[in-house]
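Only heavy atoms go into these numbers, but all of them, side chains included; no hydrogens, no water, no symmetry mates. One is the number of the first residue; the rest follow in order along the sequence. The shown structure was predicted, so the numbers you read here are calculated from the model rather than taken from an experiment.
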Amino acid sequence: MRLSRRALLAGSAAGAAGALLPTAPATAKPKAAGTCASYRAAYHFTVPDQWKNDPQRPVWIDGEYHYYYLYNADYLTGGTEAGTAWRLATSRDLVSFTDRGIAIPKDTTVNGDLWSGSAVVDTGNTAGFGAGAVIVLVTMSPGGGTDHQEQFLYYSTDGGRTFLPHGTDPVLPNPGVRDFRDPKVIRDEERGRWVMALAENTKVGFYHSADLKSWTYVGGFVKDGIGVLECPDLFRITAADGTVKWVLGVSANGKGSGQPNTYAYWTGSFDGTAFTADASDPQWLDHGWDWYGAVTFEKRAANGTLDERARYAIGWLNNWDYANTTPTIDCDGFNGTDSIVREITLKRASNGTYYLASRPVAALDDHVSRTIELGDLTVSGTRVLDYTGLSYEVTTEVTWQSLTGAGFQLRRSADGGRHIDAGVYGDYAFLNRRNTVNPDTSGRWQESHSPFDPSARTVKLRILVDRTSVEMFVDDGRYVHSSEAFPYLVDTGLALFSIDGTAVFRNTVIREFAV
C-alpha cells in the first residue's frame, strides 16, 4: 500500500478540536472520586494536588535526592496569580518519589511568594549556619509586582526539610532592571568561592560570593533572538574521550525563529568569571513543545560518589502558552506533570563538535511490570499491532532500503482517525499531536522537528507514552521531543507505518511500568 504523509496524518481533527479542554481551570472543582477516569500519569512525577511549575535543581542529602519545585496550594481558587511556595519530594532512584510537603511556605514574610532559585549544601559552613546547612537562593518580588525581582536567602539545619528566612532584606538587590531572577548557584572549589548565574532578560549575569550572603557582579553572557532567558544552568561535564566542557543552559523561546521553546545550551569554557561558547548559536536539549524550566543536577551513586561523566535532567511538561489547559484538573484536581528524569552525557559528533545526549534514567528498568517482545516486524503502509495501552515505552530500530518516512501511530483510536505520530520523514524526525486532543488551540505548535540524515537508512526510536505526554528519544538520545497530548482514554491502540516503501522494525519491545 502506498501511503502519503498527508493521508497518514489525516484524521478526525475536527473531532479532536471539539474536545479541547477548558483553558480557565482555576475556577474548576475536581469531581468526586469514582465519577470520572483519571488522567494522572502512571510513571511520571505529578504534583499531589493543585499546581506545580518550575523544577528546582535536586540536591543529594543523606543518601537521597531532595527535589524542590514551585507549588501553588491556591491554584483552583486563585489561579496562577495566587503565587508559589517550594514543595519537597525525595527519591533514591528518581523514578519513585515521596512527598514531603511544603519546605518553604509562601507569604510568610513581607516579600510574598517564592519563585525559582537553587539549593546548595554548605559543607564548609561558609554562610555561618553550620556545616552541612542547606542554603536556598531564591527570587522574590516584594510588593507582588513583576518589575522588582531580587534574590533572598533561606537556610535549613534539618537536612533540607524546612527552611527559615535570613531576614527580609535581599542578599542581591535589584540594580534597576525588570528581569533579574532564577539564581543558579554552584561551588567553585578551585577558587574557593560560590558562583551564581542569574537570568537578566537576554543576558546571563555571573556573580561571586565567599559566604552566599554578599554577591559581586563579574560579567555576563548575552544572547539575543530567543526571547527572555530564564532558569539558567551552569555545569562541567566530561566526555567519554576525556574532553572536559562547561555547559551554559537557559530556558528560552525560539519559536519566533523556528527554534524550540525549551532548554537551549552552549558548550564551551568557563574560567570562573566568564563563559566562552564554542559556537554563537545554541543547541537544544529538547525539540518538542513542552520541556520548560528544566534543570540538570549531579549524578551520584548510592554511596554518594559523584559521576563526572553524566548528569541528570528534569523538565516541566508544560508551556506558558497554554499552561492552564489540562484534563487532570477535572477529575484529579491538579495541574503539574514533569518529564521522566533523564541521564545526559557529553558526546562528540562526527564533525568534531560536542553535544549532550539524553536517555531515560536507568532505574526505570527496575519498575518494569510487563514486557512484550514483538521481534522484527515488516511494514509497508500501516500495520496495527495487537496491543493496547495508555502508558508504556516502545523501542525499536527501523531499517529500510528506500522510503520517505516511518514510525508509530501512538494512542490510536479504534477507527484509526485519532493518533499521535512519531518517527522520521525525509530529512527530519518529528512528533505530531495534531490528530488527538492537545493543549494548543492555535494549531501552530502541533509538529516538532529535529534533523535527520536519511542516507543512514536506519533510526533508533525509544518512545515514552503516558496519559498526557509523549517523549521520543531519537538515535540514542541525540535528539529528544517532549510534548503534551491528551488522547481520549479509550484511544489505546498502537500501529506502525511506512511511507513510500517497506521498513523493518527490528527488535521491537513494549514495556509497562509500575511506580
Side-chain angles (χ1 to χ4, degrees), residues 41 43-47 51-59 65 67-71 84 87 89 91 94-95 97 115-118 182 184 199 226-227 229-235 247-255 259-265 282-299 310-323 326 328 335-345 355-361 364 431 433 439 445 448 450 462-466 468-474 477-485:
Y43 60 97
H44 289 72
F45 180 85
T46 56
V47 65
W51 163 275
K52 82 164 295 294
N53 55 303
D54 293 6
Q56 308 303 307
R57 182 185 62 202
V59 289
Y65 286 99
Y67 170 43
Y68 304 96
Y69 58 90
L70 298 191
Y71 169 74
T84 48
R87 189 159 180 159
S91 178
L94 297 173
V95 178
F97 290 83
W115 298 7
S116 282
S118 58
D182 308 339
K184 191 63 59 67
I226 53 175
L229 309 182
E230 298 188 291
C231 304
D233 199 7
L234 180 64
F235 60 89
V247 176
L248 177 65
V250 292
S251 284
N253 186 352
K255 286 180 178 177
Q259 300 179 81
N261 180 195
T262 59
Y263 180 108
Y265 72 90
Q283 301 184 70
W284 297 82
L285 202 48
D286 198 291
H287 286 254
W289 302 120
D290 303 311
W291 202 70
Y292 200 73
V295 292
T296 71
F297 55 104
E298 295 175 341
K299 179 185 178 183
R311 286 178 72 84
Y312 291 125
I314 188 171
W316 179 42
L317 275 173
N318 208 337
N319 189 305
W320 283 113
D321 285 354
Y322 39 70
T326 175
T328 60
N335 182 354
T337 301
D338 283 338
S339 73
I340 204 71
V341 173
R342 307 175 184 175
E343 180 180 313
I344 62 171
T345 52
Y355 67 92
L356 297 177
S358 304
R359 64 180 180 183
V361 61
L364 196 59
L431 178 61
R433 61 187 179 183
W445 319 118
S448 55
S450 63
R462 182 176 184 181
I463 304 175
L464 305 184
V465 179
D466 216 330
T468 59
S469 65
V470 175
E471 295 158 282
M472 178 176 71
F473 295 76
V474 182
R478 174 65 177 92
Y479 298 104
V480 187
H481 297 239
S482 299
S483 290
E484 289 186 295

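Defined by atom type and a distance below 3.5 Å, a donor-acceptor pair is missing between the side-chain atoms of Ser448 and His287. Inspection of the Tyr322 and Glu484 side chains reveals no N or O donor paired with an N or O acceptor under 3.5 Å. Side-chain N/O atoms of Gln56 and Ser116 include a donor and acceptor closer than 3.5 Å. A donor atom on one side chain and an acceptor atom on the other are found under 3.5 Å apart for Ser450 and His481.
In this structure, Arg359 forms no cation-pi arrangement with Phe473, as its terminal cationic atom is not both closer than 6.0 Å to the ring centre and no more than 45° off the ring axis. For the pair Arg433 and Trp445, the cation does not sit on the ring face, since its NZ or CZ is not both under 6.0 Å from the ring centre and inside 45° of the axis.
Taking each heavy atom of Tyr292 and Pro55 in turn, the nearest pair found is O-CD, 4.4 Å. Across all their heavy atoms, Thr337 and Ala41 have their closest contact at CG2-CB, 4.4 Å. Nearest heavy atom pair, residue Ile340 against residue Glu471, reads N-OE2, 3.1 Å.
Look at Arg311 and Glu298 and you find no salt bridge, because none of the NZ, NE, NH1 or NH2 atoms lies under 4.0 Å from a carboxylate O.
Residues Val361 and Arg342 form no side-chain contact, since every pair of their non-hydrogen atoms from C-beta on lies 4.5 Å or further apart.
In this structure, Leu285 CG and Thr296 OG1 are separated by 8.5 Å, a value rounded to the nearest 0.5 Å. Summarising the geometry, atom OH belonging to Tyr69 is positioned 12.0 Å from atom OG1 belonging to Thr84; distances are rounded to the nearest 0.5 Å. Atom CZ of Arg478 sits about 9.0 Å away from atom CG of Leu356, to the nearest 0.5 Å.
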Evaluate salt bridge (charged side-chain N to carboxylate O under 4.0 Å, His left out) for Lys255 paired with Asp321, printing each intermediate quantity in order.
-> CA-CA 11 Å; Lys255 286 180 178 177; Asp321 285 354; 2.6 Å; yes
Step by step, work out the ring pair (Phe, Tyr, Trp, His ring centres under 6.0 Å) result for Tyr355 and Tyr265.
-> CA-CA 9 Å; Tyr355 67 92; Tyr265 72 90; 8.7 Å; no
Show your working on side-chain contact (heavy atoms from CB on, under 4.5 Å) between Trp284 and Tyr479 and close with a plain yes or no.
-> CA-CA 8 Å; Trp284 297 82; Tyr479 298 104; over 6 Å; no
Decide yes or no on side-chain contact (heavy atoms from CB on, under 4.5 Å) for Trp291 and Trp316, but give the supporting numbers first.
-> CA-CA 5 Å; Trp291 202 70; Trp316 179 42; over 6 Å; no
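For the ring pair (Phe, Tyr, Trp, His ring centres under 6.0 Å) test with Phe297, the passing option among Tyr312, Tyr68, Tyr67 is Tyr312; the others fail. With Ser482 as the fixed residue, the side chain to side chain donor-acceptor pair (under 3.5 Å) test singles out one of Asp286, Asp290, Thr262: Asp286. For the side chain to side chain donor-acceptor pair (under 3.5 Å) criterion with Lys52, the lone passing option out of Asn318, Asn335, Asp338, Thr46 is Asp338.
Judged by distance alone, the side chain of Ser91 and the main-chain N or O of Phe97 form no donor-acceptor pair under 3.5 Å. The backbone N or O of Gly315 lies less than 3.5 Å from a partner atom in the side chain of Ser339, making a donor-acceptor pair.
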